[in-house]
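Okay, so here's the structure we're looking at.
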Amino acid sequence: MAAHGLDDYARLAREGRDAVQAEFLAAEERASAGNREILEQTGLRQGPAEPPGPPETATKILGRTWSAPLVVGPLAGLFRPEGELAVVRASRAAGLPVVVSAFSGRTFAELSAAAEGPLWLHTRLFRDRGAARWLVSRAQDAGFGAVVLTLGPQQHARLAPGAVPVNLAEDVPIRPPSGGPLADLGGYGPFADPSALLDHTVDWPGVEWLRSVCPLPLLIAGVRTPEDASRALRSGADGIVAETLDTLPAIAATVAGRCPVLLRGGIGRGADVLVSLASGADAVLLERPVLDGLLVAGREGVGAVLDEVVRELRAALVFTGAGSAADADPGLLRTGRTPPREPDTGPPAREAAHPPRTGDLRKSDLHTSVGDPVLDTMNFLNEVTQRYPDAISFAPGRPYDGFFDTEQIVTHIRAYLDHLTGQGLSPQAVRTAMYQYGPTAGQIREIIADSLRADENTDVPAESIVVTVGAQEAMLLVLRALITGPDDVFLVSSPCYVGITGAALLLDTEVRAVEERADGVSCADLEAAIERERAHGRRPRAFYVVPDHSNPSGTTMSMRARVELLDLAARHDLLIVEDSPYRLVSPGTPLPSLKSLDRDRRVIQLGSFSKTIFPGARVGFVVADQRVTGENGATSLLADELAKIKSMVTVNTSSLSQAAVAGALLSARGRLSELNARPAEYYGDAMRATLRELDRNLPAARRAELGVGWNEPTGGFFLTVHVPFPADNETLTRSAQEFGVLWTPMKYFYPQAGGDHAIRLSTSYLTPAEITEGTARLARFITALSTEPQT
């Protein structure tokens with residue numbers, strides 16, 4: 001039976017494939033299932049009128065104009081003896097680019113001659129970097145026009161049936177020099193299973209290395225999140241290949257036109273192409289329909305499939321009223337589950353007229369941040385904790401309950417009421433202060449300002465303070481005020497508290513990580529990051545840091561580093577966002593806060609009473625004494641602008657909570673350090689006990705043998721343990737189930753990858769007996785996994 005439409009080719013390809021082909025194709029279907037589900041639930045809106053003439057499908061990618069926003073491939077083997085040549089020749093006739101696999105069964109020179117135009121090379125990172133250099137050089141010699149590098153786990157662990165990777169074998173016409181990078185790999189033999197040669201991790205240093213040796217345009221595939229896209233751009237990418245349609249709009253917004261964005265996976269029809277373009281892609285990779293056409297009718301089938309996809313794309317453009325592929329925007333989309341497609345019933349876009357049947361939502365209908373693992377971190381930890389209630393937990397970074405007395409809350413509130421009366425307020429005014437909303441910026445600002453002067457030697461006017469619902473709201477307010485557009489970036493010390501990166505996700509704020517060294521963040525590294533961002537046309541707006549006993553690493557900035565940081569901020573016109581909740585619950589005299597050293601109003605200080613008074617109050621503050629000048633020359637404080645934003649978020653911070661916090665501050669004459677003298681001693685003892693027990697259970701010689709180590713914070717709640725095995729959710733579950741001990745994976749705290757072999761321990765919430773038993777369990781867990789063979 002002759003095939004006519006795409007559905008016919010898909011059906012005939014399924015009927016004609018053998019068991020090996022079926023297995024291979026099933027893996028491809030699983031890999032693209034998520035995109036297919038979204039595409040099947042997304043329709044196109046009918047436009048008000050058809051375009052005046054035939055819609056334009058031509059698209060310019062990497063400086064070359066192609067007939068349509070389609071890239072064919074990647075190709076590898078393709079089952080039929082002439083498979084790759086057939087696809088290349090059909091694509092040439094259609095005026096479309098083709099992506100050829102590094103494991104191609106035809107030589108690059110042979111394929112390039114058949115294409116009569118630039119091909120693209122698809123590869124992955126090789127464990128042997130010399131192999132990658134050799135492949136790129138060979139592709140360049142053959143006239144290839146670009147390299148597509150895929151990161152992360154490989155979906156297909158082996159070659160397509162019958163594929164022989166001749167470009168990596170030793171019997172090809174062009175040989176590597178004797179003793180060259182491929183000579184030690186043993187010819188074709190090892191390439192029967194290509195996965196053995198590949199590095200399946202998201203290795204950004206490897207990407208940067210390939211960029212440095214690759215003269216061709218480099219596209220990074222395997223991109224799933226805006227953070228991945230940002231990292232790819234910083235690594236020198238000339239293009240992005242997104243893997244998931246649900247995050248494509250956020251990825252495209254992050255890229256903001258700086259390079260082409262392509263979508264790979266699940267594209268089956270012309271309407272799918274237009275949905276992808278409207279979601280932010282510049283083009284799509286077309287794989288499965290091409291394979292269907294090849295299996296059914298060889299080169300003729302591939303040509304027919306490509307023609308049909310382009311025809312359907314034109315029909316979809318006509319349906320929406322778009323004059324060209326370049327006109328696609330989100331306004332063309334209508335989401336909601338659509339009925340299954342039937343073959344040859346007209347342009348697929350007509351089905352968009354069916355309305356959604358319920359008010360149910362798809363994840364892609366929501367902001368992309370809800371799908372980010374950062375926002376699910378605490379949920380997972382809580383789930384594990386509840387599932388293993390007998391496990392000793394080093395995970396929660398919260399104050400020890402033993403210091404809380406319920407009656408204290410009543411005493412604190414009474415103290416504040418007495419204070420108001422002593423200030424001359426009438427009973428009616430006191431009642432209003434407690435029962436009504438109160439000023440958005442807060443009603444205890446003067447008391448907080450007095451406390452900062454008494455405890456921190458920080459002298460700021462009360463008007464520069466905004467009282468917030470915990471420090472988390474303060475983070476949201478500051479980010480919302482400072483970040484004005486897609487070219488503004490927010491720098492963070494990494495590893496970083498997830499609260500600030502989560503807030504950035506919610507506000508679509510671009511985050512750039514400056515990784516800490518063993519002794520904390522380096523000003524030289526920060527300055528290099530600032531210069532790098534400016535070189536790419538972006539504006540570093542502010543830098544977030546926890547200078548004292550950081551969460552999660554436990555590091556503390558030296559006095560010299562604090563002075564250098566303030567000097568750097570002045571040189572580069574940078575704001576510092578200081579968040580230091582552990583200063584006054586740590587033993588000894590803390591170093592001066594950055595804000596107390598600030599003479600140029602460079603520091604915005606975030607504060608919280610969760611550790612120093614009690615978490616349930618949910619009261620924090622932000623000190624923002626920076627002057628803001630309007631277009632008319634009028635000036636205000638940044639705090640005033642933050643209060644405006646707060647008025648549209650929480651309106652005010654609970655008057656009752658403010659009263660409890662104010663009463664505690666008044667009872668201690670503003671000196672939280674005195675109020676927390678006993679807790680600080682307890683937390684210091686807990687940290688020392690944990691370090692002592694770790695050393696007893698894993699003495700120096702043993703941990704050197706295992707490849708284990710940790711830092712030794714002098715205060716705060718946290719320390720970092722480095723281990724030789726992956727410390728991920730799966731390992732954490734095993735730790736709880738088999739060893740009865742919980743901790744937090746450090747990888748949660750790295751905004752742009754890292755921390756895979758480190759765990760965070762919190763020492764604040766445990767009794768001495770729990771620390772002794774918990775560290776013993778932890779040592780058994782670490783020893784067991786460190787001595788297991790790593791796969």
Original post:
Can you name the closest pair of heavy atoms from Val521 and Ser493 and give their distance?
Top reply: CB-OG, 3.8 Å
Subject >> 4.5 Å side-chain heavy-atom contact, Val511 and Tyr544 >> reply: no
Original post:
Is any side-chain N of the basic residue among Arg453 and Asp450 closer than 4.0 Å to the acidic one's carboxylate O?
Top reply: yes
**OP:** Determine the minimum heavy-atom distance between Thr556 and Arg562, stating which atoms define it.
**Re:** CG2-NH2, 3.6 Å
Original post:
For residues Trp710 and Thr720, is any side-chain donor paired with an opposing acceptor at under 3.5 Å?
Top reply: no
**OP:** Salt-bridge test for Arg678 and Glu681: reply yes if a basic N is under 4.0 Å from a carboxylate O, no otherwise.
**Re:** no
Subject >> Any donor-acceptor N or O pair under 3.5 Å, side chains Gln436, Ser655 >> reply: no
Original post:
Do Asn676 and Thr612 have a side chain donor and acceptor closer than 3.5 Å?
Top reply: no
Original post:
Is atom CZ of Phe403 surrounded by more than 12 heavy atoms (other residues, nucleotides or ligands) closer than 6.0 Å?
Top reply: yes
Original post:
If we ignore angles and hydrogens, is there a donor and acceptor under 3.5 Å between the side chains of Asp418 and Thr421?
Top reply: no
Original post:
Are Asp573 and Arg602 ion-paired here, with the side-chain N under 4.0 Å from a carboxylate O?
Top reply: yes
**OP:** Look at atom CG of Asp685 and say whether more than 12 heavy atoms of other residues, nucleotides or ligands are closer to it than 6.0 Å.
**Re:** yes
Subject >> Steps toward salt bridge (charged side-chain N to carboxylate O under 4.0 Å, His left out) verdict (Glu463, Arg445) >> reply: CA-CA 7 Å; Glu463 294 76 18; Arg445 295 189 291 170; 5.9 Å; no
**OP:** Measure the CD-OG1 distance between Gln752 and Thr225 for me, rounded to the nearest 0.5 Å.
**Re:** 9.5 Å
Original post:
Hey, what's the ring geometry for Phe739 with Phe781, parallel, tilted or perpendicular (30° and 60° as the breaks)?
Top reply: perpendicular
Original post:
Are any non-hydrogen side-chain atoms of Ile447 and Val661 less than 4.5 angstrom apart?
Top reply: no
Subject >> Test item: side-chain donor near acceptor, Tyr765 and Asp401, under 3.5 Å >> reply: yes
Original post:
If you measure from the Lys or Arg side-chain nitrogens to the Asp or Glu carboxylate oxygens, is any gap between Arg618 and Glu473 under 4.0 Å?
Top reply: no
Original post:
Do you see a donor-acceptor pair shorter than 3.5 Å between the side chains of Thr432 and Gln428?
Top reply: yes
Original post:
Charged N to carboxylate O under 4.0 angstrom, Asp728 versus Lys747?
Top reply: no
Original post:
Are a donor atom and an acceptor atom from the side chains of Tyr497 and Asp579 found within less than 3.5 Å of each other?
Top reply: no
**OP:** Check the side chains of Thr440 and Lys644 for a donor-acceptor pair under 3.5 angstrom, ignoring hydrogens and angles.
**Re:** no
**OP:** Please assess Asp488 against Arg538 for the test salt bridge (charged side-chain N to carboxylate O under 4.0 Å, His left out), listing each intermediate value before the final yes or no.
**Re:** CA-CA 6 Å; Asp488 283 352; Arg538 295 184 284 271; over 6 Å; no
Subject >> Thr653 backbone acceptor or donor facing Ser657 side chain under 3.5 Å >> reply: no
Subject >> Lys/Arg N to Asp/Glu carboxylate O, Arg539 vs Glu533, below 4.0 Å >> reply: no
Original post:
Any luck finding a side-chain donor-acceptor pair between Glu770 and Thr767 under 3.5 Å?
Top reply: yes
Subject >> Near-ring test Phe621/Phe609, centroid separation under 6.0 angstrom >> reply: yes
**OP:** Considering non-hydrogen atoms only, spot the tightest contact between Leu638 and Ala481 and give its length.
**Re:** CD1-CB, 4.5 Å
Original post:
Any chance the side chains of Gln605 and Ser593 put a donor and an acceptor closer than 3.5 Å?
Top reply: no
Subject >> Euclidean distance, Asp519 CG relative to Thr555 OG1, rounded to 0.5 Å >> reply: 8.5 Å
Original post:
Just checking, any donor-acceptor pair under 3.5 angstrom between side chains of Ser636 and Glu641?
Top reply: yes
Original post:
Do you know which of Glu564, Glu531, Glu527 makes salt bridge (Lys or Arg N to Asp or Glu O under 4.0 Å) with Arg571?
Top reply: Glu527
Subject >> Distance (rounded to the nearest 0.5 Å) between Ile645 CD1 and Thr650 OG1 >> reply: 11.5 Å
**OP:** Measure from the ring center of Tyr400 to the ring center of Tyr683 and say whether it is less than 6.0 Å.
**Re:** no
Original post:
Given the rule in the side chain to side chain contact (heavy atoms under 4.5 Å, CB included) test, do Ser553 and Arg760 qualify, once you have shown the distances and angles that lead to the verdict?
Top reply: CA-CA 7 Å; Ser553 65; Arg760 188 195 76 171; over 6 Å; no
Original post:
Is Leu778 close to Ile759 at the side-chain level, that is, under 4.5 Å between some pair of heavy atoms?
Top reply: yes
Original post:
So which heavy atom on Leu425 is nearest to which on Val430, and how close?
Top reply: CB-CG2, 3.9 Å
**OP:** Apply the salt bridge (Lys or Arg N to Asp or Glu O under 4.0 Å) test between Lys595 and each candidate in Asp600, Asp455, Asp625; give the one that qualifies.
**Re:** Asp625
**OP:** Say whether His722 and Asn711, considering side chains only, have a donor N or O and an acceptor N or O under 3.5 Å apart.
**Re:** no
Original post:
Taking atom types as modelled and ignoring hydrogens, do the side chains of Arg534 and His572 form a donor-acceptor contact shorter than 3.5 angstrom?
Top reply: yes
Original post:
When you look at Asp695 and Arg692, which way does the salt bridge (charged side-chain N to carboxylate O under 4.0 Å, His left out) test go after all the steps?
Top reply: CA-CA 5 Å; Asp695 188 62; Arg692 183 175 62 250; over 6 Å; no
